[in-house]
S.K.: 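Handing you this structure, nothing more for now.
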Amino acid sequence: MVCQTIVISSLGRTGTLSLGQSASSIIENCYSAHELDVFNPQEPWNWWRRWRKGATPVALLDKLFARYSLGTLLVQRLAGKMSEHGAAGHIRNLRKQLYLDRPESVVLEANLQFAGVLDLVAQAFPGARCVYIVRDPRDWVLFWMNLAKGWYSSWDWRICLPNTSLRPSHLMDEQTQDHWRFLSRFDKLCWYWGAMNRSVLE
């Protein structure tokens, strides 16, 4: 049976966790999942729960390749290293087991890693519906500044790996790239909020 597919994305911290957890009780005959393939090394206790919901357990090194990781696919697509057709094909391969042939009539996934490829979901799964949520940047940046181990912090392991953390060079933003290493974490978070939302909404 082909399910109705709904994908909700944002830059995170927009209430998608609560929605993903409660959607199955709000929507009749609905299977819901939240950020299945977002594996935080600092939260290993959440890995088993994600695998049980349908995430594919892959090695950390596999996250460097777009065919295994929505996050890497997002960066490569925005950097122009991946065609729309190729990116849509990877999305289908990453999610066909979760979205197709389920007993439920509706599958809903909330996942921030879809942000940069949200417009391609309907190519991968015709008839899919997508929602994108934008949170006030003042609240969004403040949250991450108060979280010492978040994006662009000294704890952000992704910045050491290629194509896993968005940088100005990916978007051909030479002016910002020239000053990137001198920017504060606050500046980098503000840049990310603006750059990502502009890319998605365009």
S.K.: Under 4.5 Å between side-chain heavy atoms, hopping through other hydrophobics if needed: is there a path connecting V75 to L201?
M.R.: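 As far as the 4.5 Å side-chain criterion goes, L201 and V75 are connected within one cluster.
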S.K.: Looking only at non-hydrogen atoms, find the nearest pair between A115 and S10 and report the distance.
M.R.: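 The pair with the smallest heavy-atom distance is CB-O, 3.8 Å.
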S.K.: Given side chains that start at C-beta, do those of L118 and V7 come closer than 4.5 Å, heavy atoms only?
M.R.: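 Sidechains of V7 and L118: in contact.
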S.K.: What's the spacing between L112 CG and I8 CD1 if we round to 0.5 Å?
M.R.: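 The CD1 atom of I8 is 13.0 Å from CG of L112, to the nearest 0.5 Å.
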S.K.: Could you walk me through whether L100 and R95 pass side chain to side chain contact (heavy atoms under 4.5 Å, CB included), step by step?
M.R.: CA-CA 8 Å; L100 303 178; R95 285 297 186 271; over 6 Å; no
S.K.: Identify, with sequence neighbours excluded, every residue that meets salt bridge (charged side-chain N to carboxylate O under 4.0 Å, His left out) alongside R181.
M.R.: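 Scan of R181 (salt bridge (charged side-chain N to carboxylate O under 4.0 Å, His left out), adjacent residues dropped) gives none.
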S.K.: How far apart are the closest heavy atoms of M145 and L189, and which atoms are they?
M.R.: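 Minimum heavy-atom separation between M145 and L189: SD-CD1, 3.7 Å.
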S.K.: Output the distance between atom CD1 (I91) and atom CD (E84), rounded to the nearest 0.5 Å.
M.R.: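 Between I91 CD1 and E84 CD, I get 10.0 Å after rounding to 0.5 Å.
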S.K.: Report the residues that fulfil salt bridge (charged side-chain N to carboxylate O under 4.0 Å, His left out) with D119, sequence neighbours left out, ordered by chain and then residue number.
M.R.: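 With neighbours one apart ignored, the set is R77.
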S.K.: Please examine the side chains of E109 and I6, heavy atoms only from C-beta on, and report whether any two atoms are closer than 4.5 Å.
M.R.: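 They are not in contact (no side-chain heavy atoms under 4.5 Å apart), so the answer is no.
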S.K.: Do the side chains of H85 and Q123 get nearer than 4.5 Å, heavy atoms only?
M.R.: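 No, too far: nothing below the 4.5 Å cut-off.
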S.K.: Heavy atoms only: give me the nearest S169-Q177 pair and the separation to one decimal.
M.R.: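 So the minimum-distance heavy-atom pair works out to N-OE1, 3.1 Å.
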S.K.: G116 and L78: which non-hydrogen atoms are nearest, and at how many Å?
M.R.: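 Minimum heavy-atom contact is O-CD2, 4.1 Å.
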S.K.: Same cluster for L74 and M172 if Ile/Leu/Val/Met/Phe/Trp/Tyr side chains link at under 4.5 Å?
M.R.: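 L74 does not cluster with M172.
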S.K.: Can you see which heavy atom on V134 is nearest to which on Y132, and at what distance?
M.R.: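 Taking every non-hydrogen atom into account, CG2-CE2, 3.5 Å.
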S.K.: Do T72 and Q113 come within less than 4.5 Å of each other through their side chains, counting heavy atoms only?
M.R.: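 No, side chains not in contact.
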S.K.: How far does CG of L183 sit from OG1 of T176, to the nearest 0.5 angstrom?
M.R.: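 Rounded to the nearest 0.5 Å, the CG-OG1 separation comes to 7.0 Å.
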S.K.: Would you indicate whether the side-chain heavy atoms of V200 and L11 approach each other to under 4.5 Å?
M.R.: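 Answer no - side chains too far apart.
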S.K.: Classify the ring geometry of Y192 against W140: parallel below 30°, tilted from 30° to 60°, perpendicular beyond 60°.
M.R.: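 Rings of Y192 and W140: parallel, as their planes differ by under 30°.
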S.K.: Nearest heavy-atom pair of V107 and L98: which atoms, and what distance?
M.R.: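 Heavy atoms only, the tightest pair is CG2-O, 4.1 Å.
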S.K.: Going by the ring pair (Phe, Tyr, Trp, His ring centres under 6.0 Å) test, name the single residue among W180, F186, W191, W193 that passes it with Y152.
M.R.: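 One option only clears the test, and that one is W180.
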S.K.: Can a donor-acceptor pair be found, under 3.5 Å and without considering hydrogens, that links the side chain of E104 to the backbone of E28?
M.R.: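 It does not hold such a pair.
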S.K.: Not counting sequence neighbours, which residues clear salt bridge (charged side-chain N to carboxylate O under 4.0 Å, His left out) with D139? List them please.
M.R.: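 For D139, no residue satisfies salt bridge (charged side-chain N to carboxylate O under 4.0 Å, His left out) once neighbours in sequence are set aside.
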S.K.: Atom CZ of R92 and atom CZ of F125: how far apart are they, to the nearest 0.5 Å?
M.R.: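 CZ of F125 is found 5.5 Å from CZ of R92.
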S.K.: Determine whether a donor-acceptor pair (N or O, by modelled atom type, separation under 3.5 Å) exists between the side chain of R185 and the backbone of W144.
M.R.: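 Indeed, once roles are kept as given, a pair shorter than 3.5 Å links the two residues.
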S.K.: Rounded to the nearest 0.5 Å, what separation is found between the CZ atom of F114 and the CG atom of L73?
M.R.: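 The CZ atom of F114 sits 9.0 Å away from the CG atom of L73.
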S.K.: CE of M196 to OG of S9: how many Å apart, nearest 0.5 Å?
M.R.: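 Spacing of CE (M196) from OG (S9) equals 7.5 Å.
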S.K.: Between L171 and L166, is any pair of side-chain heavy atoms under 4.5 Å apart?
M.R.: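 Answer yes - side chains close enough.
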S.K.: Donor-acceptor pair, H170 side chain versus R167 backbone, under 3.5 Å?
M.R.: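 It does hold such a pair.
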